[in-house]
Q: 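Following this message is one structure expressed as structure tokens.
Reckoned from all heavy atoms, side chains included, excluding hydrogens, waters and symmetry mates. One-based numbering along the sequence shown.
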Amino acid sequence: FLGPYLGPFARHWQPCGICDSHRFIVGLCALALGLGLALQFLPLPAGRGTSRLRLFFWSLGWTLWFGGACASLLHWFG
């Protein structure tokens, strides 16, 4: 939960931080995480790299979700 919301959490949930995080950062992070989640359940053609592809996008989704904490903290430092 605190990935893209780490900045507002660090600023004691000030409304400006919540609005900025919710408007910009959460949308992109949720899209990346949703793509990683969708590829876990979508039927992909059977082949050698299917499990690696799923693992890559799952890891990428979570990395971008928690990477949203860095972008969120930039507002806090700014």
Q: Under 4.5 Å between any side-chain heavy atoms of Cys29 and Leu64, yes or no?
A: no
Q: Mind checking what makes side chain to side chain contact (heavy atoms under 4.5 Å, CB included) contact with Leu31, not counting sequence neighbours?
A: none
Q: List, one per line, each side-chain donor-acceptor pair under 3.5 Å for residues 43-51, sequence neighbours excluded.
A:
from  : atom 1 : to    : atom 2 : distance (Å)
Thr50 : OG1    : Pro45 : O      : 3.0
Thr50 : OG1    : Gly47 : N      : 3.4

Q: Linking I/L/V/M/F/W/Y whenever any side-chain heavy atoms sit under 4.5 Å apart, do Leu55 and Phe41 land together?
A: no
Q: Trp58: which residues meet the side chain to side chain contact (heavy atoms under 4.5 Å, CB included) condition with it, sequence neighbours left out?
A: Leu37, Gln40, Trp62
Q: Applying the 4.5 Å side-chain criterion to the ILVMFWY set and letting contacts propagate, would Leu73 and Val26 be lumped into a single cluster?
A: yes
Q: Judged by atom type as modelled, is there a donor-acceptor pair below 3.5 Å linking the side chain of Ser72 to the main-chain atoms of Gly68?
A: no
Q: Same cluster for Leu28 and Leu33 if Ile/Leu/Val/Met/Phe/Trp/Tyr side chains link at under 4.5 Å?
A: no
